[in-house]
Trainee: 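My questions all concern the structure below.
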Amino acid sequence: MNNVIIERHRSGDDLTTALRQDVREGLSASQKWLPATWFYDARGSELFEEITALPEYYPTRAEREVLLREAPAVAAATGARTLVELGAGSSEKTRALLDALRSAGTLTGFVPQDVSASALTEAAEAIAADYPDLAVHGVVGDFTANLGELPGTSPRLVAFLGGTIGNFPPAERAAFLRSVRAVLKPGEWLLLGTDLVKDPATLVAAYDDARGVTAEFNRNVLTVLNARLGADADPADFDHVAVWDAEHEWIEMRLRARRDLVVHVPGAGLDVEFRAGEHLRTEVSAKFRPEVVRSELADAGFTREHWWTDEANRFGVSLSRAV
Ligand code: SAH
Ligand code: AVI
């Protein structure tokens, strides 16, 4: 295969440094928290892929339905030459966009970016093999830090799928959208997937599945902590918790200590005490209302030109142009 290159904007050392900072800030706070990025080592990425196939986890299926139906409209509107995908993961759903953009005859390059080196490499190589006439330029990087370094020929379409935008707290979400806008030229495009507000029972089930895959995914953050910072957290000491926060309209995933315990984190110079029942917040997953998505895009300098949902109105996809 000579149509794929993989570039690293984030080394293992960079990740360890970033985790150390997050641990010092989040685990010494009175309400302990960590950013949602830290689930995704090789095992975390595999677990996420398993989650996407669970009967309770509807977002991936709902977004795929929209992409399969609307990809030709995306291709016609954008005429994109480069498709950049942030937080790309397996890029499975993205194939609908690649197919439509190739049929339209405009696409020459695909730039998947992800912080998870294993997931990114596997996906980039699989797509390069299946699309031999496409230049695939995979980037191992952080979408909160390395956007300015992404390659590609204009007009570009940036895809941010899966509802990952919901994993930012609100201020970070606004900053992220502005940073995407800042690297685009006027007239270039953003395709954004957002999970929608719906009944809490459906939401909680999606984050607390019967087989316990999401629980294992949640606990994987402790394995990452152990591997990167030499910590001694025992995942068996923590219960998986998923709650709907009706005020913020987000799901929170937490780990709840089963007993009083101390986690030693030598790589961050920290001993972290947990009381029995104490929670560590590991993820927020915000759910959106259509108008809020439109106005947040506008605040960041995008005009939304299309809004599509799946038949059951569970998940929304916005196609927006950089002003
Ligand atoms: N887009 C895919 C995957 C979603 S899972 C889908 O729709 O199914 C979220 C992805 O974002 C994971 O692959 C994870 O490794 C990646 N990710 C999380 N934090 C990131 C960061 N800061 N920079 C780049 N990628 C990140
Ligand atoms: C990647 N992200 C959009 C997923 C979500 O639904 O918030 C991660 C996830 N967390 C638990 N299950 C899946």
Side-chain angles (χ1 to χ4, degrees), residues 8-10 14-15 18-19 22 34-54 56-64 66-67 84-97 112-124 138-147 149-150 158-168 172-173 175-176 179-180 191-196 203-209 211-221 224 240-242 250-254 281-288 314-315 317:
R8 286 191 89 104
H9 292 169
R10 262 291 193 262
D14 294 334
L15 287 175
L19 178 60
D22 287 348
L34 284 173
T37 298
W38 298 112
F39 301 120
Y40 301 96
D41 63 352
R43 179 69 186 138
S45 292
E46 278 171 19
L47 286 166
F48 176 75
E49 285 308 306
E50 266 186 61
I51 287 173
T52 63
L54 291 169
E56 296 94 334
Y57 193 77
Y58 62 86
T60 305
R61 283 186 295 280
E63 188 180 44
R64 184 183 298 117
V66 176
L67 294 176
V84 176
E85 182 174 17
L86 304 177
S90 69
S91 293
E92 268 308 316
K93 284 169 283 157
T94 314
R95 289 168 180 256
L97 298 172
Q113 185 241 34
D114 203 288
V115 77
S116 176
S118 60
L120 187 274
T121 307
E122 209 176 296
V139 177
V140 178
D142 181 340
F143 52 51
T144 64
N146 304 118
L147 288 187
E149 302 160 48
L150 292 173
V158 172
F160 193 43
L161 302 177
T164 305
I165 186 80
N167 296 136
F168 290 111
E172 283 86 341
R173 184 163 86 221
F176 170 79
S179 70
V180 174
L191 188 71
L192 181 68
T194 44
D195 195 13
L196 301 179
L203 287 166
V204 170
Y207 291 83
D208 195 6
D209 64 278
R211 273 183 48 209
V213 182
T214 310
E216 195 182 339
F217 174 73
N218 193 7
R219 290 193 190 97
N220 195 58
V221 73
V224 170
H240 167 68
V241 178
W250 65 42
I251 286 279
E252 266 189 40
M253 287 210 314
R254 305 175 188 162
R281 189 183 82 188
T282 52
E283 182 180 71
V284 298
S285 190
K287 307 304 163 190
F288 293 87
R314 294 167 297 178
F315 196 96
V317 176

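Counting starts at 1 for both ligands and their atoms, in listed order. Note that the numbering runs from 1 along the sequence shown for the chain.
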Trainee: Could you check T282 against M253 for side chain to side chain contact (heavy atoms under 4.5 Å, CB included), going step by step and ending with a plain yes or no?
Mentor: CA-CA 6 Å; T282 52; M253 287 210 314; 3.6 Å; yes
Trainee: Tell me the closest heavy-atom pair linking P112 and L120, and the distance in Å.
Mentor: O-CD2, 3.3 Å
Trainee: Could you tell me whether ligand 2 has any atom less than 4.0 Å away from a heavy atom of P59?
Mentor: no
Trainee: Is the gap between the ring centers of F143 and F176 under 6.0 Å?
Mentor: yes
Trainee: Side chains of D114 and S116: is there a donor and an acceptor less than 3.5 Å apart?
Mentor: no
Trainee: Taking all non-hydrogen atoms of both residues into account, name the closest pair between I165 and G193 and its distance.
Mentor: CG2-O, 3.6 Å
Trainee: With a 4.0 Å cut-off on heavy atoms, is W250 in contact with ligand 2?
Mentor: no
Trainee: For ligand 2, does I251 get within less than 4.0 Å through its side chain, its backbone, both, or neither, judged by non-hydrogen atoms?
Mentor: neither
Trainee: Which of the atoms of ligand 2 are close to G162, meaning less than 4.0 Å from one of its heavy atoms?
Mentor: 3 (C)
Trainee: Below 4.0 Å from any atom of ligand 1, is there a heavy atom belonging to K93?
Mentor: yes
Trainee: Say whether A88 and ligand 1 are in contact under the criterion: heavy-atom distance to a ligand atom below 4.0 Å.
Mentor: yes
Trainee: Yes or no: does G163 have any heavy atom under 4.0 Å from an atom of ligand 2?
Mentor: yes
Trainee: Within the structure, does Y40 bring an N/O atom to less than 3.5 angstrom of an N/O atom in ligand 2?
Mentor: no
Trainee: To which protein heavy atom is atom 19 (N) of ligand 1 closest, and what is the distance rounded to 0.1 Å?
Mentor: T37 OG1, 3.3 Å
Trainee: Any idea which protein heavy atom is nearest atom 10 (N) of ligand 2, and the distance to it?
Mentor: E283 OE1, 2.7 Å
Trainee: With distance as the sole criterion, is a donor-acceptor pair present between the side chains of N218 and Y207 under 3.5 Å?
Mentor: no
Trainee: Is V213 close to E216 at the side-chain level, that is, under 4.5 Å between some pair of heavy atoms?
Mentor: no
Trainee: Quick check on contacts: which atoms of ligand 2 are under 4.0 angstrom from a heavy atom of T164?
Mentor: 1 (C), 3 (C)
Trainee: Taking 4.0 Å as the limit for heavy-atom contacts, which would you say applies to S91 with ligand 1: side chain only, backbone only, both, or neither?
Mentor: neither
Trainee: What's the shortest distance from atom 7 (O) of ligand 2 to any protein heavy atom, and which residue and atom give it?
Mentor: S285 OG, 2.6 Å
Trainee: Which of these, E122, E49, E46, sits in a side-chain hydrogen bond (donor to acceptor under 3.5 Å, both in side chains) with S90?
Mentor: E49
Trainee: Is the closest heavy-atom distance from T164 to ligand 1 below 4.0 Å?
Mentor: yes
Trainee: Which of the atoms of ligand 2 are close to Y207, meaning less than 4.0 Å from one of its heavy atoms?
Mentor: 5 (C), 6 (O), 7 (O), 10 (N), 11 (C), 12 (N)
Trainee: Would you please indicate if the ring centroids of Y40 and F217 are separated by under 6.0 Å?
Mentor: yes
Trainee: Among G162, G89, G87, whose heavy atom sits nearest atom 1 (N) of ligand 1?
Mentor: G87
Trainee: Quick one: which ligand 1 atoms are inside 4.0 Å of a heavy atom on L161?
Mentor: 1 (N), 7 (O)
Trainee: If I apply the N/O under 3.5 Å rule, does L86 come out as touching ligand 1?
Mentor: no
Trainee: Would you say F39 touches ligand 2, if touching means a heavy atom closer than 4.0 Å?
Mentor: no
Trainee: Could you tell me if any non-hydrogen atom of D114 lies under 4.0 Å from any atom of ligand 1?
Mentor: yes
Trainee: Could you identify the single nearest non-hydrogen protein atom to atom 26 (C) of ligand 1 and state the distance to 0.1 Å?
Mentor: F143 CE2, 3.2 Å
Trainee: Which option out of F48, W38, F168 puts a heavy atom nearest to atom 4 (C) of ligand 1?
Mentor: F48
Trainee: Is the closest heavy-atom distance from G141 to ligand 1 below 4.0 Å?
Mentor: yes
Trainee: How close does the nearest protein non-hydrogen atom get to atom 2 (N) of ligand 2, and which residue and atom is it?
Mentor: N167 OD1, 2.9 Å
Trainee: For F217, take its heavy atoms, then give the atoms of ligand 2 lying under 4.0 Å from any of them.
Mentor: 9 (C), 10 (N), 11 (C)
Trainee: Kindly give the heavy-atom pair with the smallest separation between Y57 and A206, and that separation in Å.
Mentor: CD1-O, 3.5 Å
Trainee: So, T52 side chain and T60 main chain: donor-acceptor pair closer than 3.5 Å or not?
Mentor: no
Trainee: Between S91 and E85, is a side chain to side chain contact (heavy atoms under 4.5 Å, CB included) present by the stated rule, with each step listed?
Mentor: CA-CA 8 Å; S91 293; E85 182 174 17; 2.9 Å; yes
Trainee: If I compare all heavy atoms of G162 with all of F315, which pair ends up nearest, and what's the gap?
Mentor: C-CZ, 3.8 Å
Trainee: Taking only heavy atoms of D142 into account, list the atoms of ligand 1 that are under 4.0 Å away from them.
Mentor: 21 (C), 22 (N), 23 (N), 24 (C)
Trainee: Identify the closest protein heavy atom to atom 4 (C) of ligand 2: which residue and atom is it, and at what distance?
Mentor: Y57 OH, 3.4 Å
